[in-house]
Protein chains: 2
Amino acid sequence: MDRTARHSETRYGNRPTMKDVAARAGVGLKTVSRVVNSEPGVTPDTERRVQEAIDALGFRRNDSARVLRKGRTASIGLVLEDLADPFYGPLSRAVEEVARAHGALLINGSSAEDPEREQELVLALCARRVDGLIVIPAGDDHRYLEPEIKAGIATVFVDRPAGHVDVDMVLSDSFGGAREGVAHLIAHGHRRIGFIGDQPRIHTATERLRGYHAAMRDAGITVEDGWVSLGSTEPERVRTAAEEMLSGPEPVTALFAGNNRVTVTAVRVIAERERPVALVGFDDIELADLLGITVISQDASAVGRTAAEHLFRRLDGADHAPARVELPTTLIPRGSGELPPA
Amino acid sequence: MDRTARHSETRYGNRPTMKDVAARAGVGLKTVSRVVNSEPGVTPDTERRVQEAIDALGFRRNDSARVLRKGRTASIGLVLEDLADPFYGPLSRAVEEVARAHGALLINGSSAEDPEREQELVLALCARRVDGLIVIPAGDDHRYLEPEIKAGIATVFVDRPAGHVDVDMVLSDSFGGAREGVAHLIAHGHRRIGFIGDQPRIHTATERLRGYHAAMRDAGITVEDGWVSLGSTEPERVRTAAEEMLSGPEPVTALFAGNNRVTVTAVRVIAERERPVALVGFDDIELADLLGITVISQDASAVGRTAAEHLFRRLDGADHAPARVELPTTLIPRGSGELPPA
DNA sequence: TAGGCCCTGGACAACGTTGTCAAGAGGATG
DNA sequence: CATCCTCTTGACAACGTTGTCCAGGGCCTA
C-alpha cells in the first residue's frame, strides 16, 4: 500500500475536492473556486459544466481549508454555565439569531460553574480560531485571555463581569433589581425578610445581596442573623435554608429568592406550609403567572442579543474602549409578593 | 507595502505560529509540534526551551490547520428546533456531556421548524467537516444528506425519523405515550376527550394523534368532529382550539395536550374556566408538580445521551446497520389527569 | 577501533482552499 | 492591419499544521 492510499484513509472519507471537480469538468482549479464562491468572471457555459461536476460528485467545500486561507472562521463561541438552565436557553437562542444574521455559526459549551472548565472551553474555542467569544464566566480571573484578546479575538462578557481583563460586558442590574424586589416586600408591610442566594463567589449573587441590604437599610431595618443564606442552589441546600428561616419563634414573613433555581425550591417549601409566606424571586419562570409568583424579570433574550450585537460591532471594526452595559430589570407583581405579613 | 505585509493583515491578528516559536526557541518546526502535542522524542531541555517560547509569545495551536491536516475536527453538530425550548435544553446538555467525554466540541443551531433552514444548517456543519451530526429534523426529506453520509459523516436523527435516508434514529415512544395518557383519562371516566397537537407534518404530532385514536378505539369510543385539532403551537391558536372544544352544548370533559407548549396554554385556558377540566400533557414541565399537571414524561437527557453515544460508537468504527431506538415514556399522575368528568 | 543501533531533531511535502498574477482569446479602435 | 483593451481562465504560492523520512551524534558491542 503506497503512501497516497494510506493517507486517504485518514481523510474525510475521500470526499471530492475542488481538484476532483476541476478534473471532471475539464477546467482549472481556480475556476471551480470561482463558481463555488459565486465570483464574477465565469462564462455561463463554464459555470454550468462546473456545477454539473459538483452535483455529480456531491462536492461540498471544505471550510477548514477555507478558514485556514482566509483567517476568518465565521463562527463565534458561547460559553455559559448550563445549557439546560431555562435562563440560558433564550439567551443562546438570541445569540444564535444575531450570529445567523451575520452568517456565523455558534459553538457553545457549558462550564458547569467550574472555572477550570470555563478556561478549558474558552481556550479550545480560541484554538478553533472563533472570530469572537461570548462568555458567561464561572471564574473570576480571566488574565489567561490576554494573549487571545491581543491577538484580536473579540470578547464580550455576559451576566457577570470579567476579572482583571478589560473587555465589553453586558450585565443585568442585579443590584437595582434585588433592591426593588425587597423594597416591594417592605412596601407591603414586611420587615422580617429572608434572602436566599447563590454562592458568594458569583458576582450576581453578591450584587443581589447588596441590593437586599440596601433596601433594608433604606427602610431602617436591621438584618438579623439567619435571614441571609448564600450557597449552592441545589434543592436540598435551599430547602434547608428556607425551612430554617421559616421556623423558630420569630420566622421571616417573606423570602427573596436570588435566582430561578432558588425560586422553584422556595415555592415548593412555601406550598407545604400552612401560614402564607410572601415571595419575590429574581428571574422569571415559566408558568409563574399561574402560580402567582411575583418576580424581578431580566430579559434573557435582550441580554443575549445585546451581547451578540456588541460582539459583531467589534468584529466589524469598532474599536472604542470596552463598554459596560447594564440592562434594567422589571418587577412583575403576580400575587406572591403582595401578600401581607402573616 | 509588500505582499507579506498585506497578507498578514488578514491573518488572525498576527498570531504567532509554530514557525515563530521554533525561531525563538532555536529549534525546528517539527520539534515545536512535538512539544505541543506531547509526542515522545524530545529531551527535557529542548522541551523546556520550547515551552518558554510558547509562553512568551502566547502561542496557541491553530486547530483549523490541524483539522485540515488530520481530517478530524473533534466537533459534532447538533441541529434542533429551538434552543430556547425547555425540552431541548437538557437534550443539548446531555449531548454536550457525551461530546466532552470524547474530547469533542458542540456546534449547534436552531432550525425554527423550517426545513430549508434545517438543510442550510446541516450543510454548513458538513462544510465545517464536523465528525458527526445529530439532527432533530424539521423537514421530511433528507436525501440531501446522501453525499455527506456516503462521505462518512456519522449521523443520528433524534425525536423524529429521517426521510428517505437510512440512518440511526433515537425516538421517544410518542404513540405509546399518548395512548397511555388518553387511556388514563378514559380510566378516570372520561369519554369526551379533546386532542390538541402540533402541525401534522411533524412526525411526533401524528404519532401522538395515532395514540389518541388507538386509545379511544380500544375503549369503543367514537371520536367526534371537533375533538381533534392539529396546528401551530402558538398560544393564540391553541387557545382558540381549546376554547372551542370546551364550549357548546356538549363540551369535552378532558384534554390531551400534544406537547409542552400546548400544555402550558391549555393550563392557562382551563384555569380561566369555572368547570374543572381534566388534562394530561405530553412532556414534563417545570413546576408541573405544584400545578398538579399529569404528564407523559419523556426523558430529554436520556434521548440526547443515547443519541450522542450512538454517534460516537459510529465514529469509533461501529458499522452495523442503522438502528432505530425507541425510548419509553412515563406517565406521572399529579392530579389534573385524575379529575373525574364534570 | 570499527560497526551497528538508538535517540533526537529537522527538512520537506501534503492537507484543500483562495489571492495574485499572467497568458491567451476576442473585440474594438486607430 | 496593428494595437490596445477587456474578459476569461489557469498556474502557482501561501495559509499553519502534521506525517514521513533522513541525518547526525552518542553509546554499546565485538
Side-chain angles (χ1 to χ4, degrees), chain A residues 1-23 25-47 49-50 54 57 59-74 127-129 151, chain B residues 1-23 25-47 49-50 54 57 59-74 127-129 151:
Chain A
M1 185 181 277
D2 69 1
R3 187 155 54 133
T4 315
R6 227 178 316 147
H7 254 203
S8 63
E9 274 175 29
T10 72
R11 279 189 311 166
Y12 318 90
N14 275 326
R15 289 205 76 127
T17 70
M18 284 192 178
K19 205 165 138 190
D20 302 323
V21 174
V27 301
L29 181 54
K30 180 65 203 195
T31 301
V32 177
S33 172
R34 274 191 269 261
V35 171
V36 169
N37 295 292
S38 312
E39 281 172 27
V42 181
T43 36
D45 182 60
T46 310
E47 177 168 356
R49 283 213 323 283
V50 171
I54 288 175
L57 295 174
F59 167 80
R60 201 89 62 200
R61 179 178 65 198
N62 184 331
D63 275 353
S64 293
R66 173 167 226 250
V67 156
L68 178 60
R69 189 60 234 254
K70 303 204 76 147
R72 282 258 170 150
T73 57
R128 299 288 164 118
R129 298 292 190 270
Chain B
M1 185 183 280
D2 71 1
R3 187 153 54 134
T4 314
R6 227 178 317 148
H7 255 200
S8 61
E9 276 176 26
T10 74
R11 279 191 309 168
Y12 316 90
N14 276 325
R15 289 205 78 126
T17 71
M18 285 193 178
K19 203 164 139 194
D20 302 324
V21 174
V27 302
L29 182 54
K30 179 67 205 195
T31 300
V32 177
S33 172
R34 273 191 270 263
V35 171
V36 170
N37 295 294
S38 312
E39 284 171 27
V42 181
T43 37
D45 183 59
T46 310
E47 176 167 359
R49 283 213 323 282
V50 171
I54 288 176
L57 295 173
F59 167 81
R60 200 90 63 200
R61 179 178 64 198
N62 183 331
D63 274 353
S64 293
R66 172 168 225 248
V67 156
L68 178 60
R69 187 62 234 254
K70 303 204 77 147
R72 282 254 170 153
T73 58
R128 298 286 164 118
R129 298 294 189 270

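Chain identifiers are assigned alphabetically (A, B, ...) following the order of the sequence lines, protein sequences preceding nucleic acid strands; residue numbering begins at 1 within each chain.
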Between CZ on residue A:R128 and OG on residue A:S64, distance to nearest 0.5 Å: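 Reported value, rounded in 0.5 Å steps: 9.0 Å.
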Atom pair CG/CG of A:N62 and A:L68 - distance to nearest 0.5 Å: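 Answer rounded to 0.5 Å: 10.0 Å.
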Short side-chain N/O contact to C:dG9 OP1/OP2 from B:T46, under 4.0 Å: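 So the side-chain polar atoms of B:T46 do come within 4.0 Å of the phosphate oxygens OP1 or OP2 of C:dG9, strictly under.
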Any B:T43 side-chain N or O less than 4.0 Å from OP1/OP2 of C:dC7: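 No, because none of the side-chain N or O atoms of B:T43 sits under 4.0 Å from OP1 or OP2 of C:dC7.
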What is the separation between atom [atom1] on [X] and atom [atom2] on [N], rounded to the nearest whole Å?
| X | N | atom1 | atom2 | value |
| --- | --- | --- | --- | --- |
| B:R60 | D:dT17 | CZ | P | 13 Å |
| A:K70 | D:dC15 | NZ | C1' | 13 Å |
| A:R72 | D:dG16 | CZ | P | 15 Å |
| B:M18 | C:dC15 | CE | P | 19 Å |
| B:R61 | D:dT18 | CZ | C1' | 10 Å |
| B:D63 | D:dT17 | CG | C1' | 10 Å |
| A:N62 | C:dT18 | CG | P | 10 Å |
| A:L29 | D:dT9 | CG | C1' | 12 Å |

Candidate nucleotides [options], ranked by approach to the side chain of [X] - the nearest:
| X | options | result |
| --- | --- | --- |
| B:R66 | D:dT17, C:dG9, C:dT17 | D:dT17 |
| B:K30 | C:dT20, C:dG10, D:dT17 | C:dG10 |
| B:T31 | C:dG9, D:dT9, C:dT18 | C:dG9 |
| B:F59 | D:dT17, C:dT18, C:dG10 | D:dT17 |

Interface residues of residues 32-42 of chain B with DNA chain C (non-hydrogen, below 4.0 angstrom):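 The stretch gives B:R34, B:G41, B:V42 as the residues lying under 4.0 Å from the strand, ordered by number.
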Candidate pair B:R15 and A:R129, rule side chain to side chain contact (heavy atoms under 4.5 Å, CB included), full reasoning: CA-CA 10 Å; B:R15 289 205 78 126; A:R129 298 292 190 270; 3.4 Å; yes
Chi angles and distances behind the side chain to side chain contact (heavy atoms under 4.5 Å, CB included) call for B:R34, B:E47: CA-CA 9 Å; B:R34 273 191 270 263; B:E47 176 167 359; over 6 Å; no
For B:N37, all residues meeting side chain to side chain contact (heavy atoms under 4.5 Å, CB included), sequence neighbours excluded: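 So B:N37 forms a side chain to side chain contact (heavy atoms under 4.5 Å, CB included) with B:S33, B:E39, B:R61, B:R66.
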Check against side chain to side chain contact (heavy atoms under 4.5 Å, CB included), A:V35 and A:V32: CA-CA 5 Å; A:V35 171; A:V32 177; 5.7 Å; no
Check: B:K19 side chain, D:dG16 base, donor-acceptor under 3.5 Å: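 Checked by distance alone, the answer is no.
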Polar pair under 3.5 Å, donor/acceptor by atom type, side chain B:R69, base D:dT18: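 By the distance-only test, yes, there is a pair.
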Close side-chain approach of B:V36 and B:M18, heavy atoms under 4.5 Å: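 Sidechains of B:M18 and B:V36: in contact.
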